[in-house]
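A short worksheet on the structure shown next.
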Amino acid sequence: MKQRSILPIRALALLLALIMGTAGFCATIFTLINWDEIWTGAGFYNSSEYYRTLYDYYTDTVRELSALLQKQRWGEKLSYLEEQALAVYQSALSAENTNFRVRLLDNNTGELLYSNLPQDSSKEALENAVHEINYTSRELTSGTAISDNDYTGWDEAGERRLIYIYLPDWSVISFGPEDAEQAAQYGWLISGYDNWTYHQDLDSRVKSAVLAMEYGVTDPLQVEDVFQDMYRNYVQYAQYLPLIALAALVMDAIAISSLIYLCANAGRRKNQEGLYLGYIDRIPLDLLAVILFFIAAALISAVDSIFYNLRSTVPGDAVFTENLVGLALFSLAIGGCTLAGILTLVVRCKTRTLFTNTVIWRTCVQAGRICRELYGSWPLMWRAAALFGLYLAGTLLTTLTIFLIPLYQGIVLYGICRWCLQWKQVQDGLRHIVGGDPDYKINTSGHMYRDLREHAGQLNDLGGAISSAVEEQLRSERFKAELITNVSHDLKTPLTSIINYVDLLKKQDIQDPAAAEYIAVLDRKSQRLKKLTEDLVEASKASTGNLTVNRERLGMVQLVQQAVGEFEEKFTQSGLTLVAAFPPDEVYVRADGRHLWRIIENLLSNCHKYALAGTRVYLDVMHWEGNVILSIKNISRQQLNIPAAQLVERFVRGEESRTTEGSGLGLSIAQNLTELQGGAFRLDIDGDLFKASVTLPEDSMGKGGDGLPTLPPLIL
């Protein structure tokens with residue numbers, strides 16, 4: 001969002017918010033103070049200024065006068081300064097100098113002690129003279145005993161308890177048990193040995209009196225005094241009170257509108273995207289709050305002093321004008337601090353730095369980082385011991401306050417539960433990765449514990465590494481398959497030509513026996529190369545699953561018998577005796593006939609090529625727990641010094657001389673074709689005994705199964 005305002009408009013809004021806000025605030029306070037005068041028209045005798053001045057007269061003059069008069073009544077001698085103060089108070093309260101009227105009476109006897117009424121001092125005269133009578137009382141005490149300061153102490157030298165009594169001049173005298181009679185004059189009695197008790201009712205020298213005070217202001221006012229001045233001021237400004245209230249409302253509305261505009265555009269600049277932090281917005285909030293607090297405190301103290309001086313001056317003179325200008329300037333300064341604080345709070349809320357941009361937050365973050373680094377550098381056992389130590393320390397501290405124990409234990413339980421939930425999250429992620437989903441990522445966002453977050457990150461990296469390795473392996477397999485396919489395809493064209501030309505040479509009448517032998521060798525080798533090329537293509541397709549499988553219901557016994565019939569002559573030439581065992585009834589499987597035939601052919605061909613001459617080859621077809629099993633066993637011609645799993649790899653033969661015609665692809669092709677049809681291929685080697693078994697699901701009802709069959713126990 002671009003800044004839509006221009007600088008003059010913002011400056012005008014800032015001035016309006018500052019000036020109107022300060023003036024409106026002062027006018028609003030003034031309006032609230034004079035609320036009754038504005039709406040009820042209660043008059044001068046109900047104004048706040050009237051009651052304030054009336055209270056000042058009571059506290060500053062009448063109370064001091066009553067204390068001096070009561071002291072005279074008790075017969076106590078007044079000091080010189082007290083006599084001068086009494087004369088001043090009596091002159092100030094004389095009827096010729098003030099409109100304030102007062103009567104002082106003894107609250108117990110009703111005796112009149114003082115009155116400044118000009119003639120009749122009765123209550124009726126006071127009621128007729130003043131607007132209303134105000135009542136109050138004052139309790140006065142005088143005497144020599146000050147029991148609150150008296151105390152007892154042990155006299156080591158005399159081995160007795162003494163009472164120490166303060167006199168009015170704050171000198172101290174002491175009495176022992178033998179002086180109980182003298183101590184009783186000050187209100188102290190002794191009952192038993194060294195047992196002092198204070199009885200105030202026995203202290204005849206403590207005098208007290210309660211004075212009743214009745215006071216008010218004459219109505220109408222009769223003499224020139226402060227009440228008369230206040231009345232004239234009241235008459236002057238009372239007529240403007242409604243106008244001041246309306247002005248306060250208008251100024252507050254303007255100030256609030258300007259403030260809303262400033263807040264809406266705070267932190268934005270013309271032709272600039274995003275939010276902008278000013279100099280004041282970059283200061284940490286708590287430090288800024290302290291600075292503004294002390295500035296505002298100093299300004300408020302100055303405003304209070306100026307306001308006090310303003311009240312003691314007369315409107316219109318130079319001192320009054322100077323105080324008024326100073327009051328306005330300092331008030332504007334306070335308003336400026338307030339406005340700056342509001343705007344920086346708005347900017348910080350918009351930029352979400354209200355709490356983060358503080359000295360406390362930065363200190364806590366730095367301390368937390370240091371603690372985490374120290375904690376993370378410790379071994380796991382040390383960290384566990386440190387946590388357990390903190391738990392014990394917290395338990396010890398909470399036992400001092402019983403009601404904190406369940407709260408503390410609840411916090412500890414919450415932390416443990418959080419750890420368990422996060423650990424379960426890591427375990428679930430590990431199950432996904434191990435279960436074949438290496439791209440799964442454990443969510444490490446949020447407030448996860450550091451150790452678990454690091455462990456989860458390592459598992460995510462491991463899953464990524466596994467995924468990359470699998471992709472690289474698949475890419476390599478695809479590359480090898482494509483390479484084999486392309487090379488085989490490129491070999492077919494020249495190989496086909498070679499085979500064709502060899503065939504043509506065979507048909508020619510060649511008389512030279514050596515040439516005929518050469519042609520026969522070329523024919524055998526070219527056919528072998530053709531077979532190897534076909535095996536390469538088929539092995540590549542079978543390993544990548546890029547073969548079409550058309551399943552149908554096939555009789556396993558019949559298919560095996562046909563294959564045995566084709567290899568019978570070859571076995572005889574190799575000196576092998578085939579021993580076959582079939583079930584009495586036909587067993588059926590659901591498989592691709594072409595692929596199943598290739599599997600059987602490869603197994604029989606493997607026996608023909610590598611079985612030891614003069615031995616038997618055992619071929620069994622059986623069904624086991626819903627599966628049909630084809631098993632072939634033979635004695636190897638060469639020593640089988642490699643693991644059975646390695647024999648099914650491509651280009652691996654059972655003899656290292658590689659002098660036989662095998663390509664090393666037959667067993668690999670047989671395994672891949674079996675697995676493509678939902679079966680299981682298994683090789684077992686025991687010394688020179690070689691056994692291969694093919695297990696396919698039985699289709700007894702014409703329905704095939706797709707699940708991986710269970711292998712029967714191996715019986716050698």
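Contact annotation: the side chain of I629 never approaches that of V694 to less than 4.5 Å [non-hydrogen atoms, C-beta and beyond]. Looking at R682 and T695, their side chains never come closer than 4.5 Å, going by heavy atoms from C-beta outward. The shortest side-chain heavy-atom distance between W597 and D592 does not fall under the 4.5 Å cut-off. Between L604 and L619 the shortest side-chain heavy-atom distance falls below 4.5 Å. Side-chain contact between Q677 and I599 is present, with heavy atoms from C-beta onward closer than 4.5 Å.
Contact record, A456 with I442: CB-CG2, 3.9 Å, taken as the closest heavy-atom pair. Minimum heavy-atom separation, C607 to I632: SG-CG2, 3.3 Å. Contact detail for V347 and G267: the closest heavy-atom pair is CG2-N, 3.7 Å. Taking both residues in full, the closest heavy atoms of L354 and C349 are given as CD2-SG, 4.0 Å, listed atom of the first, atom of the second, then distance. Contact detail for V621 and M556: the closest heavy-atom pair is CG1-CG, 4.1 Å. Shortest non-hydrogen contact noted between P284 and R348 is C-NH1, 4.1 Å.
Residue F690 forms a side-chain contact (heavy atoms from CB on, under 4.5 Å) with just one option from D684, I635, L683, and that option is L683.
Within 6.0 Å of the CD atom in Q558, the count of heavy atoms belonging to other residues, nucleotides or ligands does not exceed 12. Environment of CZ in R282: crowded, with over 12 heavy atoms of neighbouring residues, nucleotides or ligands closer than 6.0 Å. Counting heavy atoms of neighbouring residues, nucleotides and ligands inside a 6.0 Å radius, atom NE2 of H608 exceeds 12 of them.
Among residue pairs with one or both ends in residues 573-583, none qualify as salt bridge (charged side-chain N to carboxylate O under 4.0 Å, His left out); sequence neighbours excluded. The salt bridge (charged side-chain N to carboxylate O under 4.0 Å, His left out) analysis of residues 396-425, with sequence neighbours excluded, yields the pairs K424-D428. Residue pairs meeting the salt bridge (charged side-chain N to carboxylate O under 4.0 Å, His left out) criterion with at least one member in residues 555-575: none, sequence neighbours excluded.
Although no hydrogens or angles enter the test, the distance criterion places a donor-acceptor pair under 3.5 Å between the side chain of K350 and the main chain of A264. When atom types are taken as modelled, the side chain of D620 and the backbone of S631 share no donor-acceptor pair closer than 3.5 angstrom. Remark: side-chain polar atoms of D688 are not paired, donor with acceptor, to backbone N or O of S636 under 3.5 angstrom. No donor-acceptor distance shorter than 3.5 angstrom exists from the side chain of E698 to the backbone of V587, with no hydrogens or angles considered. Counting only distance, with no hydrogens or angles, the side chain of R637 and the backbone of A613 share no donor-acceptor pair below 3.5 Å. At distances below 3.5 Å, at least one donor-acceptor pair connects side-chain atoms of R453 with backbone N or O atoms of M448. Between the side chain of E586 and the backbone N or O of V557, at least one donor-acceptor pair lies under 3.5 Å.
Distance NE2/H432 to CG/L430: 11.0 Å, rounded to 0.5 Å. Distance OH/Y588 to CG/L554: 10.0 Å, rounded to 0.5 Å. Rounding to the nearest 0.5 Å places CG of N634 at 12.0 Å from NZ of K691. Separation of atoms CG (L696) and CG (L630) is listed at 8.5 Å; rounding is to 0.5 Å. Separation of atoms CZ (F681) and CG (L603) is listed at 5.0 Å; rounding is to 0.5 Å. Between the CZ atom in R616 and the CG atom in L578 there is a gap of 11.5 Å [rounded to 0.5 Å].
Note on ring orientation: taking the six-membered ring where Trp is involved, the planes of W423 and W419 are parallel (angle under 30°, cut-offs 30° and 60°).
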For V579 and V617, what are the C-alpha separation, side-chain angles and deciding distance, and is it a side-chain contact (heavy atoms from CB on, under 4.5 Å)?
CA-CA 6 Å; V579 180; V617 175; over 6 Å; no
Using a 3.5 Å cut-off and no angle test, enumerate the donor-acceptor pairs between side-chain atoms of residues 355-362 and protein atoms at least two apart in sequence or in another chain.
unit_1, atom_1, unit_2, atom_2, d
N357, OD1, R362, NH2, 2.5
N357, ND2, D281, O, 3.0
T358, OG1, F355, O, 2.8
T358, OG1, W361, N, 3.1

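E517 pairs by the salt bridge (charged side-chain N to carboxylate O under 4.0 Å, His left out) definition with nothing, not counting sequence neighbours. Taking R352 as the reference, nothing meets the salt bridge (charged side-chain N to carboxylate O under 4.0 Å, His left out) condition, with sequence neighbours excluded.
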